Asks: 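Encoded as structure tokens, here's the structure I'll be asking about.
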There are 2 protein chains.
Amino acid sequence: MKPVSPSDEPVPGDDVPFPRPHHDHDHCRHDALRRAEDVCARQGARLTQARREVLDLLWADHRPVSAYDLLHRLNADGRKAAPPVVYRALDFLIEHGLAHRLNSLNAFIGCAHIGGEHGAQFFICRECGQVAETRSPEIDSAIRTAGAELGFRVQAPVVEVEGVCPTCSGAPA
Amino acid sequence: MKPVSPSDEPVPGDDVPFPRPHHDHDHCRHDALRRAEDVCARQGARLTQARREVLDLLWADHRPVSAYDLLHRLNADGRKAAPPVVYRALDFLIEHGLAHRLNSLNAFIGCAHIGGEHGAQFFICRECGQVAETRSPEIDSAIRTAGAELGFRVQAPVVEVEGVCPTCSGAPA
DNA sequence: GTAATAAATGTTATGTTATAACAATTGATA
DNA sequence: TATCAATTGTTATAACATAACATTTATTAC
Ligand SMILES: [Zn+2]
Ligand SMILES: [Zn+2]
Ligand SMILES: [Zn+2]
Ligand SMILES: [Zn+2]
């Protein structure tokens, strides 16, 4: 079994958060847009044209994009949008849990999970630039425990891990 | 006992990484400089005037400082240093494990631990801006485990936790 | 000691990331 | 359709960071 697993690590078949090279990415994109519509509908928020376009650009692939890259892509068709357009759209998307900011890269990425705001951990491949987003209760709990030992009330843990993804580690396929 | 502990959390008396309001901070500063000299001596690196000054400025208190704040403080005495002065000094200090960069704040802080480069976790108080640096094997290990499950080779975990420190939580002392 | 070399610093300019402030437009509501 | 709130447009500027090259300072070789 284990048909196209990109690694020999003990990973569950299709739940691997690192995107496989030839996965159906159109599915990722369309799914993300659909989820965004759901979220906005439920929260009475408006997924306007600019916001939708930025979200779609974020889902061009599984790599984070800088705000100015987004701006250039937005303006590729001759438009003349200014930076606030992008930053406002990003603020909206982040507030509604549809995108995340990666502090270590000054870049943004579409949220791979469902639901509102939430903690997450990001694994960033130094080779290919792709990012996997996880929600590990174990990491979260280790952080909260360490915080408690300091008497620190944890509000927003940020975890961004640099390394090399399974594909770039030279896994079979 | 537990004479001036800032919190009722189960913390060891004097190992609390969050600085107590009236601790002997001159000791922190001088100790940091002395450790820096040790490290540089051992590594054959030169702790030049500019580097020493920046390190000393980083130890003004336990809050991170932006590069331009450092620059302004450097120039407070009429000097006319330019940004590269500060960024080079910071690069040096970081390379030698004497300072850290906090990505979520675009700011820098003196390393509170001894020794060369190392992973660490930062707990950042939203109220007072003070930062505690820890080295928690548990957090590190949770991250490495989660990475392994993705087939991801972890190289540099970044953990920056926002919240409220014991002092600002309204602890007794 | 002096020349050659390497390390560090000075200097100017520019690139990159992000926000402030206010005007104009659009969409919902009454 | 008048009103109000939300969104977008526009200009300017703030904040963060580095490239490139000249100059100086420290180390080493002779
Ligand atoms: Zn995909
Ligand atoms: Zn990769
Ligand atoms: Zn101190
Ligand atoms: Zn505090």
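All values derive from a computational prediction rather than experimental measurement.
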Asks: Mind checking who shares a hydrophobic cluster with B:V158, ILVMFWY linked at side-chain heavy-atom distances under 4.5 Å?
Replies: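 B:V158 clusters with nothing; isolated.
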
Asks: Whole-Å distance between D:dA15 P and B:F108 CZ?
Replies: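 About 16 Å, once rounded to whole Å.
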
Asks: Identify the pairs formed between an N or O of the protein and an N or O of nucleotides 7-13 of chain D at a distance under 3.5 Å, and give each distance.
Replies:
unit_1, atom_1, unit_2, atom_2, d
D:dT7, OP1, A:R51, NH1, 3.3
D:dT7, O5', A:R51, NH2, 3.4
D:dT8, OP1, A:T48, OG1, 2.6
D:dG9, N7, A:R88, NH1, 2.9
D:dG9, O6, A:R88, NH2, 2.5

Asks: Using the C1' atoms of five pairs at each end, what's the angle between the two axes of the helix from C:dG1-D:dC30 to C:dA30-D:dT1, to 10 degrees?
Replies: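 Computed angle between terminal axes is 30°.
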
Asks: Could you tell me the separation between the NE2 atom of B:H96 and the CG atom of B:L55, rounded to the nearest 0.5 Å?
Replies: 12.5 Å

Asks: Expressed in angstrom and rounded to an integer, what is the separation of B:N106 atom CG from D:dA14 atom C1'?
Replies: 13 Å

Asks: Using whole Å, what does the distance between atom P of nucleotide C:dT9 and atom CD of B:E53 come to?
Replies: 11 Å

Asks: For the pair made of CG in B:L47 and P in C:dA7, what is the distance, rounded to whole Å?
Replies: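 So the CG-P distance, B:L47 to C:dA7, works out to 18 Å.
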
Asks: Could you state whether A:V85 and A:L70 fall into the same hydrophobic cluster, counting links through intermediate Ile, Leu, Val, Met, Phe, Trp or Tyr residues with side-chain heavy atoms under 4.5 angstrom apart?
Replies: yes

Asks: Can you list the other members of the hydrophobic cluster that holds B:I109, where links are side-chain heavy atoms under 4.5 angstrom apart?
Replies: B:L102, B:L105, B:F122, B:I124, B:V131

Asks: Closer than 4.0 Å, any side-chain N/O of B:Y87 to the OP1 or OP2 of D:dA17?
Replies: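 So the side chain of B:Y87 is within the cut-off, an N or O lying under 4.0 Å from OP1 or OP2 of D:dA17.
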
Asks: Could you tell me the separation between the NE2 atom of A:H72 and the P atom of C:dG15, rounded to a whole number of Å?
Replies: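 So the two atoms are 12 Å apart, to the nearest Å.
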
Asks: Can you tell me how far C1' of D:dC16 sits from CG of A:N103, to the nearest Å?
Replies: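 After rounding, the gap between these two atoms is 14 Å.
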
Asks: Determine the minimum heavy-atom distance between A:F123 and B:G147, stating which atoms define it.
Replies: CE2-CA, 3.6 Å

Asks: Listed by chain and number, what are the salt bridge (charged side-chain N to carboxylate O under 4.0 Å, His left out) partners of A:R52, not counting sequence neighbours?
Replies: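 Scan of A:R52 (salt bridge (charged side-chain N to carboxylate O under 4.0 Å, His left out), adjacent residues dropped) gives A:E37.
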
Asks: Please give, in whole Å, the distance from D:dA15 P to B:L70 CG?
Replies: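 After rounding, the reported distance stands at 15 Å.
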
Asks: Could you work out, with salt bridge (charged side-chain N to carboxylate O under 4.0 Å, His left out) as the rule, every residue matching B:E162, not counting sequence neighbours?
Replies: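 Checked B:E162 against salt bridge (charged side-chain N to carboxylate O under 4.0 Å, His left out); matches are B:R126.
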
Asks: Take the angle between the ring planes of A:F152 and B:F18 and call it parallel below 30°, perpendicular above 60°, tilted in between.
Replies: parallel

Asks: Test your reading of the model: is there a side-chain donor-acceptor pair from A:R101 to the backbone of B:S104, 3.5 Å cut-off?
Replies: no

